[in-house]
Asker: 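The structure's right below; bear with me while I get my questions together.
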Protein chains: 2
Amino acid sequence: MPPEKPSTRRPYHHGDLRRAILTAALDVIAADGPSALSLRDLARRAGVSHAAPAHHFKDRTGLLTAIAAEGFGLLAGTLNEAGDLKDAGVRYVRFAREHPAHFQVMFTPELLRADDLELTTARTLAGEALRGAVSAVRPESLGIDTRLAGVAAWSLAHGFATLLLSHNLDGPVGDKDPEEVFRTLAAMLFRRESRENT
Amino acid sequence: MPPEKPSTRRPYHHGDLRRAILTAALDVIAADGPSALSLRDLARRAGVSHAAPAHHFKDRTGLLTAIAAEGFGLLAGTLNEAGDLKDAGVRYVRFAREHPAHFQVMFTPELLRADDLELTTARTLAGEALRGAVSAVRPESLGIDTRLAGVAAWSLAHGFATLLLSHNLDGPVGDKDPEEVFRTLAAMLFRRESRENT
DNA sequence: CCCGCAACTTGACACTGACAAGATTGCCCG
DNA sequence: CGGGCAATCTTGTCAGTGTCAAGTTGCGGG
């Protein structure tokens, strides 16, 4: 008898196994962190054999590197749409909240293949987007070195996002909208000197 | 013959296996991150059997939780010695650089036993030290909510430290002293409004 | 002195990432 | 149109890991 049992029988070719494994991996990482990620578990979820993922990502490191590259691409995209620097910061925080798995992996270099081409180019793109947003505020008009202003803005946004994801701001921020809170912080950092009276 | 070969013969009891494993673990984590940590490897380094670590830490999670608790203790100690808030920030950054393994584990909650007593008390201590340093600047005199000022200061220091450890500031900061750079950032955040003329 | 308990060992099991070799299938080129 | 080829996926295997259970060793207090 030929294997015509289409309802239960899986096709030999998954169709889009790469995407399926990526999204499953993102779920696992968002829930339990990168250390909880198991290639065999992802294969089981996708209904394929335990060695199938290796064909798309070669490695565990390869999978995580692909995730990081995708993350930097997404981040660059949203940063490039930002109006001003404060908006860029808000988008940075929003990105971390909407893509926690990407975010976490992007900034854990020991999990990544540092010389991967897709990764490095995507990261460069995101870096340029960030620098663009910073230079738009003309920090030199505040008497501040542009590069330092960039580091300050990035540190503030990155620290806020990181603390948020690690549930260290649940107390202070409470149920307030994190993006709104961050807007206040950004205002603290880049307020003009009030030379005008009052 | 009695076992008098102190040079080659290992005693059955290690002496201070707990500390030995902790420091070995810190080395591994600082070099290759928490995911590279293997209990069996630590046991080998200490010259004990593969199950010996479990007696002191029960778990891999237990070991990491102990590291995090120790880290929060150290952090609380140094923050309590800070003169003002800027100094506290500098100490925060210095702590991250001098104890990168502790720092990384402390802020990776999915690796920790969240309800561990030692951990929660140490973390609370560190949190109080931080709040103390923030309240000392009387942020309300700047027209800023104290709680938000704390979040801002913490975010800035934490983001800077995190980006530093993940080698994301190697370009911008270069070979400059990171603590000095951070001093500049802190000054940006908490400068007074220059109401006085000039 | 001895006995109890903490520190450590030995052994086992299920799970994992990685590799090698084979099976299946879509599809491109003749 | 059909044959082969390369991409995709499977099966089998190996060393390494965390964790548990059960046994050993040896120190210190009764």
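In what follows, every chain begins at residue 1, and chains take the letters A, B, ... in the order their sequences are listed. All heavy atoms count here, side chains included; hydrogens, waters and symmetry mates do not.
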Asker: Given atom CG of B/D16 and atom C1' of C/dA7, what is their separation to the nearest angstrom?
Answerer: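 These atoms are roughly 13 Å apart.
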Asker: Say whether, by atom type as modelled, one donor and one acceptor occur between the side chain of B/S38 and the main chain of B/D41 under 3.5 angstrom.
Answerer: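 Side chain of B/S38 to backbone of B/D41: a pair is present.
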Asker: For this output row, return yes or no: ring centroids of A/H99 and A/F103 closer than 6.0 angstrom.
Answerer: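 So the answer is no for these two rings.
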Asker: Could you state the atom-to-atom distance from CZ of B/R44 to C1' of C/dT10 in whole Å?
Answerer: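 From B/R44 CZ to C/dT10 C1': 16 Å.
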Asker: Suppose we screen for side-chain hydrogen bond (donor to acceptor under 3.5 Å, both in side chains). Which residues come up paired with A/D170, at least two apart in sequence or across chains?
Answerer: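 None.
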Asker: Compile the donor-acceptor pairs under 3.5 Å between side chains in residues 22-32 of chain A and protein atoms, sequence neighbours left out, one pair per line.
Answerer:
residue, atom, partner, partner atom, Å
A/T23, OG1, A/R19, O, 3.1
A/T23, OG1, A/A20, O, 3.0

Asker: Is the phosphate of D/dG12, meaning OP1 or OP2, less than 4.0 Å from a side-chain N or O of A/H50?
Answerer: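 False: A/H50 side-chain N/O out of range (4.0 Å or more) of D/dG12 OP1/OP2.
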Asker: Is there any salt bridge (charged side-chain N to carboxylate O under 4.0 Å, His left out) pair reaching into residues 95-123 of chain A, and which pairs are they, with sequence neighbours excluded?
Answerer: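 The answer is A/D59-A/R113.
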Asker: For B/F57 and C/dA7, give me the distance from atom CZ to atom C1', rounded to whole Å.
Answerer: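 Rounded to whole Å, this separation is 13 Å.
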Asker: When you measure from the side-chain N and O atoms of B/H55 to the phosphate of C/dA7, is any distance below 4.0 Å, counting only OP1 and OP2?
Answerer: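 Checking B/H55 against C/dA7: at least one side-chain N or O falls below 4.0 Å of OP1 or OP2.
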Asker: List the residues meeting side-chain contact (heavy atoms from CB on, under 4.5 Å) with A/A52, not counting sequence neighbours, and say none if there are none.
Answerer: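 A/A52 satisfies side-chain contact (heavy atoms from CB on, under 4.5 Å) with A/L17, A/V48, A/S49 once adjacent residues are dropped.
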Asker: Under the side-chain contact (heavy atoms from CB on, under 4.5 Å) rule, collect the residues that match up with A/A133, sequence neighbours excluded.
Answerer: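 With neighbours one apart ignored, the set is A/L85, A/A88.
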Asker: Tell me, which pairs form a side chain to side chain donor-acceptor pair (under 3.5 Å) where one or both residues lie in residues 71-86 of chain A, sequence neighbours left out?
Answerer: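 Output for this query lists A/T78-A/R91.
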Asker: Compile the donor-acceptor pairs under 3.5 Å between side chains in residues 150-166 of chain B and protein atoms, sequence neighbours left out, one pair per line.
Answerer:
residue, atom, partner, partner atom, Å
B/W154, NE1, B/Y92, OH, 2.9
B/S155, OG, B/V151, O, 2.8
B/H158, ND1, B/Y92, OH, 2.8
B/T162, OG1, B/H158, O, 2.7
B/S166, OG, B/T162, O, 2.9
B/S166, OG, B/L163, O, 3.3
B/S166, OG, B/N168, OD1, 2.9

Asker: For the side chain of A/H56, counting heavy atoms from C-beta on, which of C/dA7, C/dT9, D/dT8 is nearest?
Answerer: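 Closest nucleotide to the A/H56 side chain: D/dT8.
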Asker: How would you list, by chain and number, every residue that makes a side-chain contact (heavy atoms from CB on, under 4.5 Å) with B/D145, sequence neighbours excluded?
Answerer: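 Result, side-chain contact (heavy atoms from CB on, under 4.5 Å) vs B/D145: B/R147, B/L148.
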Asker: Between B/A54 and A/S49, name the one whose nearest nucleotide on DNA chain D is closer to the 5' end.
Answerer: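 The 5'-side residue here is A/S49.
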Asker: Going by heavy atoms closer than 4.0 Å, what residues in residues 21-30 of chain B are next to DNA chain C?
Answerer: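 Of all residues in residues 21-30 of chain B, none places a heavy atom under 4.0 Å from DNA chain C.
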Asker: Among all residues two or more places apart in sequence or in another chain, which pass the side-chain hydrogen bond (donor to acceptor under 3.5 Å, both in side chains) test with A/R94?
Answerer: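 Partners of A/R94 under the side-chain hydrogen bond (donor to acceptor under 3.5 Å, both in side chains) test: A/E179.
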Asker: Mind listing the residues from residues 32-43 of chain A sitting with a heavy atom below 4.0 Å of DNA chain C? Number order is fine.
Answerer: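 The answer is A/L37, A/S38, A/L39, A/R40.
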Asker: Which ones in residues 59-67 of chain A lie close to DNA chain D, meaning a heavy atom under 4.0 Å from one of its atoms?
Answerer: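 Correct list: empty, so none.
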